[in-house]
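All values below come from the heavy atoms of this structure, side chains included, with hydrogens, waters and symmetry mates left out.
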Amino acid sequence: MSRIAPHILSILERADTDGAALRLTGQLDRKNYAAVNAVLEAVGGKWNKKAKAHLFECDADDALEQILLTGEVVTKKSIQQEFGFFPTPDNIAHEAVAAADIEPGMLVLEPSAGHGALAEAVRAAGGKVECVEVLMENVAELERRCLHVTAGDFLEQPPRAIYDRVVMNPPFAKQADIKHVLHALKFVKPGGRLVAIMSNGLTFRSDRRTAEFNATVESLGGSVARLPDGSFKASGTMVSTIMVVLDVPGGAA
């Protein structure tokens, strides 16, 4: 893998996609075009003169999203793998729970819980954990572990600001992590805390959704810490990740 320069990522952010085709917008000088073309070729895009676009074997939007998600050049195989379910490694789960500062008896939510790695770490810390999970095979695994689970799409769950803590590793594709974290904030009671594992794209993307989310982090006095490269390698992905900690105002003085 190799990191992509911020100005090249900015050019790619402005690209248009239509099915398997990706078209660059605006005038590029030779040096910048060569750099952009090298990135697109590295992830499977081939320039087609007739289409006046780079064509991919997969959906071009997925290829572009993967570049913007990681800020790195990755292989075509990685593009096809990155959108699956990747469990939270135990060391990252314990690090997230430690950042949440969970006290015994606290009510804690893990949205999109997967196999419950975070939930297990919460329970070990003395928290009373509740999970939400959309995939029924994961629901069955959570129930096998005797975890309280609501089956369904977390984004469709009505907000209940009753939780002392939310600890989460949401899906990343197409900035789903931002949507999930903003929804999860509505479940944290005043004085509570949310800890989320998120895509490192928040540190370099410049689109409106990213800018608005970063403004929310700043307004809450939140913290963003990059996790070590390869933190999720054991789970089958090399996506760069960060840990975001947000405290909800209010609560007892």
Would you sort out whether D29 and K31 count as a salt bridge (charged side-chain N to carboxylate O under 4.0 Å, His left out), showing the intermediate values?
CA-CA 6 Å; D29 61 33; K31 182 178 180 181; over 6 Å; no
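- Closest of all the heavy-atom pairs between L220 and P249 is CD2-CD, 3.8 Å.
- If you chain together hydrophobic residues whose side chains sit under 4.5 Å apart, V36 and F204 fall into the same group.
- In this structure, V188 is a member of the same hydrophobic cluster as M168, with clusters built from ILVMFWY side-chain heavy atoms closer than 4.5 Å.
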side-chain contact (heavy atoms from CB on, under 4.5 Å) between L40 and F56, intermediate numbers included:
CA-CA 9 Å; L40 294 176; F56 292 81; 4.1 Å; yes
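- How far CG of L202 is from CZ of R209: 11.5 Å, rounded to the nearest 0.5 Å.
- Closest non-hydrogen pair, C131 versus L147, comes out as SG-CB, 4.5 Å.
- Proximity of D247 to R193: side-chain heavy atoms (C-beta onward) are separated by under 4.5 Å at one or more points.
- Here the shortest heavy-atom pairing between I197 and F172 reads O-CE2, 3.5 Å.
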side-chain contact (heavy atoms from CB on, under 4.5 Å) between K128 and L107: does it pass, once the steps are laid out?
CA-CA 5 Å; K128 179 182 178 182; L107 184 61; 4.2 Å; yes
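- Between the OG1 atom in T210 and the CD atom in Q175 there is a gap of 4.0 Å [rounded to 0.5 Å].
- Of all the heavy atoms in M106 and R165, the pair that sits closest is CE-NH2, 3.4 Å.
- Note on W47 and L64: same hydrophobic cluster, where clusters join Ile, Leu, Val, Met, Phe, Trp and Tyr whose side-chain heavy atoms are under 4.5 Å apart, directly or indirectly.
- In this structure, A113 and E133 approach most closely via the heavy-atom pair N-OE1, 3.2 Å.
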Stepwise side-chain contact (heavy atoms from CB on, under 4.5 Å) test for H180 and L155
CA-CA 7 Å; H180 280 248; L155 293 178; 3.7 Å; yes
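- Atom OG1 of T17 sits about 10.0 Å away from atom CZ of R23, to the nearest 0.5 Å.
- Under a cut-off of 6.0 angstrom, the local environment of CD in Q27 is sparse, with at most 12 non-hydrogen atoms contributed by other residues, nucleotides or ligands.
- You'll find the side chain of E143 reaches within 4.5 Å of the side chain of V149, heavy atoms only.
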Going through the checks in order, is the side chain to side chain donor-acceptor pair (under 3.5 Å) test met by N48 and H54?
CA-CA 6 Å; N48 184 291; H54 284 80; over 6 Å; no
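- L9 has its side chain within reach of I67: a pair of non-hydrogen atoms, C-beta onward, lies under 4.5 Å apart.
- Checking side-chain atoms of R205 against main-chain N and O of E13 turns up no donor-acceptor pair under 3.5 Å.
- Side-chain contact between D164 and V108 is absent, with no heavy atoms from C-beta onward closer than 4.5 Å.
- Taking 4.5 Å as the limit, every side-chain heavy atom of L194 sits out of range of all side-chain heavy atoms of V248.
- At a threshold of 4.5 Å between non-hydrogen side-chain atoms, the residues P170 and P111 do not count as touching.
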Worked verdict on V129 versus H148 for side-chain contact (heavy atoms from CB on, under 4.5 Å)
CA-CA 7 Å; V129 62; H148 180 282; over 6 Å; no
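- Within the 4.5 Å cutoff, side-chain heavy atoms of M136 are placed close to those of V139.
- For the atom pair CE (M198) and CZ (R226), the distance works out to 15.0 Å, reported to the nearest 0.5 Å.
- Using cut-offs of 30° and 60° for the angle between ring planes, the Y163 and F187 rings count as tilted.
- Remark: L182 CG to T216 OG1 distance equals 6.0 Å, nearest 0.5 Å.
- Residues V181 and V244 fail the side-chain proximity criterion, which asks for heavy atoms closer than 4.5 Å.
- In plain terms, the two heavy atoms of L118 and A96 that are nearest each other are CD2-CB, 3.9 Å.
- Heavy atoms of other residues, nucleotides or ligands lying less than 6.0 angstrom from CG of D18 number 12 at most.
- Note: L24 CG to L12 CG = 7.0 Å, rounded to the nearest 0.5 Å.
- V97 and M243 fall into different hydrophobic clusters, defined by Ile, Leu, Val, Met, Phe, Trp and Tyr side-chain heavy atoms under 4.5 Å apart, directly or through other members.
- Between T88 and N169, the side chains place a donor N or O and an acceptor N or O closer than 3.5 Å (distance only, hydrogens not considered).
- E110 places a side-chain N or O within donor-acceptor distance of the main-chain N or O of A119, the cut-off being under 3.5 Å.
- Note: the hydrophobic cluster containing V245 also contains L227 (ILVMFWY, side chain heavy atoms under 4.5 Å, direct or indirect links).
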